[in-house]
J.: 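Take a look at the following structure, please.
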2 protein chains.
Amino acid sequence: MIKRRITLKDLSKELDLAVSTISRALDDHPGISPETKERVKLKADELGFTRNSIASSFRKSKTLTIGVIAPQIDIHFHSLVISGIEEYAYKAGYNVTIFQSRNSFKREKKITETLQNNMFAGVIICQGAETRGIDHFKKLKKMKMPLVFYDRVPTGFEANKVIINDFESSLRATEHLIEKGCKNIAHIGGPQTTGIFKSRYEGFRKALENHHLEVSSSLIHFTKGLTYDEGLSAAKELLSQPVKPDGIFCSNDYTAVSAIQVFQKNGFKVPDQVAVVGFSNYPISKIIEPNLSSVNDRAFEMGQAAAKLLIRQIEDEEDVIESEIVTLKTELIIRESSSTRNMH
Amino acid sequence: MIKRRITLKDLSKELDLAVSTISRALDDHPGISPETKERVKLKADELGFTRNSIASSFRKSKTLTIGVIAPQIDIHFHSLVISGIEEYAYKAGYNVTIFQSRNSFKREKKITETLQNNMFAGVIICQGAETRGIDHFKKLKKMKMPLVFYDRVPTGFEANKVIINDFESSLRATEHLIEKGCKNIAHIGGPQTTGIFKSRYEGFRKALENHHLEVSSSLIHFTKGLTYDEGLSAAKELLSQPVKPDGIFCSNDYTAVSAIQVFQKNGFKVPDQVAVVGFSNYPISKIIEPNLSSVNDRAFEMGQAAAKLLIRQIEDEEDVIESEIVTLKTELIIRESSSTRNMH
DNA sequence: CTGAAAGCGCTTACAG
DNA sequence: CTGAAAGCGCTTACAG
């Protein structure tokens, strides 16, 4: 015998009350007597009743599920952001459903289509590296789907966004190297088709210009994906230049670790002969020796902020805010890889 | 003017066909003429119709959403498992909704209650470290919710499980150290209240026993959470013992990295004087110098296997399989931290 | 404070 | 091959 789920109707029969009364009692509706509420709740517990939330969502044409599109959730940055989203959403009573675009533009578009099926109260998105064009986002916006973008956000598209100031953060990180006495500062960067990596490079340049230091193209290397292995190659390239760098600003931590290792292996002391700063403050920055200075990009907080912004938009009756851009404050965490240099 | 969503009824009016015909045409139901299907699909595209999947789920009392409960998704192992789940589920047409128990037993129980609301076709679970008792899982099982556990699975509870053989993997890893000539092998382990860490310790012991090596309690350290910092302390403890270890088997990679660093800093050569093997094959194992030997625990594949098992159970009409335990083959990846020792 | 009734958008068994 | 109709389980405006 298969047990059928208990419904409001079952409770109604058991208690000889109208279905509507049961529903309201369970909702703690003010116009129901405390005694009735008590009776209903007891019986509900006794029979193991749980509301069919599909039916409820359907009736109210309103769900409590947030969709998240991220390039890849097993990248630490994204898993932290998603953790922040889940944390905030959970407390606000929302569920979080995840989709990986895996940096495929095609898949990203397909996911946005799936999201147009009424199941989602809103969507949080980080664009994939391959994403060109924003028509798929426009479609979502057109159907009034609440949207928040984080980190890699579309330009020229009005929407809620949670970002950090990549330009400013990189500028400060590079100025830190300059203050430590570095004169020939190298950069290992990410693909310049991606806005955030472009901004990090530009922040780096700006710092050099501010301090009248030459920007030498032989000391600038862009990688495809900022991987550890690409970092090794880039660092070796830097080593082969006639002018050796005495400081390196890297757009993430993996390449910064590569740089430290390659230079150390070739007899350079870090930070004494070459200081290194990374970006993202990954766990490895506290493990590598010397510990790596890095920009804390506030991934977890970014997730929380994105969820907060989205839920506010979902629940906003007034509909007065068109869009908002939240910029989180980053923090340059100075560790050994750049800290004692100017004392020598 | 707020645009109302297009419904089957709208299409029905536009095309002068019954709602049921529209529904079937969009479903490619065999009993509908090709011409009608064509007309319907064209019109649906034209008006931007997408099925209200809440209504559909409600009507069919069947959803395409899988719930996942993990302790914390920003732990690399779990983010990889979830990535594997999402990958398989996406291809099978399912969504994945995530919940973090954050190792709180209370929160884990609360989540399992939320899951009893008809929104989920099935649930994939990794127990939290604090979890005691299985009543909350029993409740889910009782209401016929398809379940799959992975990694930290409940004992004494019949259910689908995807695991690796922690005992066997650790035994092999330790035997590898023995083959490399290690005589005094230490162990840095996790909390022995957690099954997998207990098994890893037991595999370690068994290897020593098999080879008639003494198990010295002074060389065995259990940590609370296998963190990098705990690893540092444990390694320092090991160093202070009268008999120094010449091999260390660690229950994860972070503590293994700690061990390498502490011993190196104290003048020990790795692997020549002390060989080290970790567990999980984290990215850091290919970064730390020397590269760390480690057990590949198949996290991504574990996620795929869990999703596969769950979806099979969800879609299984026959209902003939009571439960299944899938054990994935691990792989000991030998790198420098344990590889050249026996040549000296 | 409680109840009767309509209806959300779909699917499906039945009829023709 | 197509249609009419019932109904999934809930919520809510209306009535009393």
Side-chain angles (χ1 to χ4, degrees), chain A residues 2-41 43-44 47-65 93 116-121 143 317, chain B residues 2-41 43-44 47-65 93 116-121 143 317:
Chain A
I2 288 179
K3 263 207 288 189
R4 208 173 39 78
R5 281 179 68 92
I6 308 293
T7 67
L8 290 184
K9 211 170 157 190
D10 298 322
L11 289 173
S12 157
K13 274 185 202 153
E14 283 282 328
L15 294 164
D16 206 25
L17 285 166
V19 167
S20 44
T21 304
I22 310 277
S23 177
R24 283 188 279 241
L26 292 168
D27 267 350
D28 259 331
H29 197 90
I32 300 288
S33 76
E35 296 74 34
T36 304
K37 283 182 187 170
E38 195 55 26
R39 270 183 70 212
V40 171
K41 285 178 185 175
K43 191 51 116 183
L47 301 185
F49 171 80
T50 50
R51 238 198 206 72
N52 181 332
S53 65
I54 297 276
S56 176
S57 287
F58 168 53
R59 178 54 233 269
K60 296 197 274 193
S61 54
K62 188 171 156 254
T63 75
L64 293 171
T65 302
Q116 298 170 25
N117 69 1
N118 258 26
M119 289 241 356
F120 299 95
M143 59 181 292
E317 307 286 326
Chain B
I2 288 177
K3 263 207 290 189
R4 207 175 41 76
R5 282 181 66 94
I6 307 294
T7 66
L8 289 185
K9 211 170 158 189
D10 297 322
L11 288 173
S12 156
K13 275 184 203 153
E14 283 282 329
L15 294 165
D16 206 27
L17 285 167
V19 166
S20 44
T21 305
I22 311 277
S23 177
R24 284 188 278 241
L26 292 168
D27 267 351
D28 259 333
H29 197 92
I32 300 288
S33 75
E35 296 74 33
T36 304
K37 283 182 186 170
E38 195 55 26
R39 272 183 71 212
V40 171
K41 286 179 184 173
K43 191 53 118 184
L47 301 186
F49 171 80
T50 50
R51 238 200 205 71
N52 182 332
S53 65
I54 297 277
S56 175
S57 287
F58 168 52
R59 178 53 233 269
K60 296 198 275 194
S61 55
K62 186 171 159 259
T63 75
L64 293 171
T65 302
Q116 298 169 26
N117 68 1
N118 258 24
M119 290 242 354
F120 299 94
M143 61 181 290
E317 307 286 326

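Letters A, B, ... are given to chains in the order of the sequence lines, protein chains preceding strands, and every chain is numbered from 1.
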J.: Can you tell me the distance, in whole Å, between the CG atom of B/N52 and the C1' atom of C/dC8?
T.: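 Going from B/N52 (CG) to C/dC8 (C1'), I get 9 Å.
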J.: Looking at A/K41 and A/D28, is there a salt bridge between them, counting it only when a charged N and a carboxylate O are closer than 4.0 Å?
T.: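 Yes.
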J.: Protein-nucleotides 2-4 of chain D N/O pairs closer than 3.5 Å?
T.:
from  : atom 1 : to    : atom 2 : distance (Å)
D/dT2 : OP1    : B/T36 : OG1    : 2.9
D/dT2 : OP2    : B/S33 : N      : 3.2
D/dT2 : OP2    : B/T36 : OG1    : 3.2
D/dG3 : OP2    : B/A18 : N      : 2.9
D/dG3 : OP2    : B/T21 : OG1    : 2.7
D/dG3 : N7     : B/R24 : NH2    : 2.9
D/dG3 : O6     : B/R24 : NH1    : 3.3
D/dG3 : O6     : B/R24 : NH2    : 2.7
D/dA4 : N6     : B/S20 : OG     : 3.1

J.: Grab the CG-P distance between B/L8 and C/dC8 for me, whole Å please.
T.: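 These atoms are roughly 13 Å apart.
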J.: Heavy atoms only: give me the nearest A/V40-A/L15 pair and the separation to one decimal.
T.: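 The pair with the smallest heavy-atom distance is CA-CD1, 3.8 Å.
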J.: To the nearest angstrom, how far is B/D27 atom CG from C/dG9 atom P?
T.: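 From B/D27 CG to C/dG9 P: 18 Å.
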J.: How many Å lie between NZ on A/K60 and C1' on D/dC8, as a whole number?
T.: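 About 18 Å, once rounded to whole Å.
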J.: Using whole Å, report how far CD1 of A/I54 lies from P of D/dC10.
T.: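 The answer, rounded to whole Å, is 12 Å.
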J.: Could you state the atom-to-atom distance from NZ of A/K9 to P of C/dA5 in whole Å?
T.: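 Going from A/K9 (NZ) to C/dA5 (P), I get 14 Å.
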J.: Show the nearest heavy-atom pair for residues B/E14 and B/L47, with the distance to one decimal.
T.: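 Nearest heavy atoms, B/E14 then B/L47: CG-CD1, 4.0 Å.
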J.: According to the 5.5 Å centroid and 30° plane-angle thresholds, does B/F58 stack upon the nucleobase of D/dC8?
T.: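 Given the distance and angle limits, yes, they stack.
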J.: Where is the tightest heavy-atom contact between A/S12 and A/A18, given as atom of each residue plus distance?
T.: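 The pair with the smallest heavy-atom distance is OG-C, 4.2 Å.
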J.: State plainly whether the residues B/D27 and B/R51 are in salt-bridge range, i.e. N to O under 4.0 Å.
T.: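 Looking at B/R51 together with B/D27, the answer is yes, because their closest N to O distance falls below 4.0 Å.
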J.: Please find the pair of heavy atoms, one from B/S57 and one from B/T63, that lie closest to each other, and give the distance.
T.: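 Heavy atoms only, the tightest pair is OG-CA, 4.0 Å.
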J.: Dot-bracket for DNA chain D, please, read 5' to 3', with Watson-Crick or G-U wobble pairs under 3.5 Å on both distances, ( ) within the strand, [ ] crossing, | other strand, . unpaired.
T.: |||.||||||||.|||
J.: How many Å lie between CG on A/N117 and C1' on C/dC10, as a whole number?
T.: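 It is 14 Å, rounded to the nearest whole Å.
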J.: Please report, rounded to the nearest Å, how far the P atom of D/dT12 is from the CZ atom of A/R51.
T.: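 Atom-to-atom, A/R51 to D/dT12, this comes out as 10 Å.
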J.: Quick one: pull up OG in B/S23 and CD1 in B/I32 and give me the separation to the nearest 0.5 Å.
T.: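 It is 9.0 Å, given to the nearest 0.5 Å.
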J.: Looking at B/F49, is its backbone amide N or carbonyl O close enough to the side chain of B/K43 to form a donor-acceptor pair, meaning the two atoms are under 3.5 Å apart?
T.: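 Between the backbone of B/F49 and the side chain of B/K43 there is no qualifying donor-acceptor contact (under 3.5 Å).
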J.: Measuring from A/T65:OG1 to B/I54:CD1, what's the distance to the nearest 0.5 Å?
T.: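 Taking OG1 in A/T65 and CD1 in B/I54, the distance rounds to 7.0 Å.
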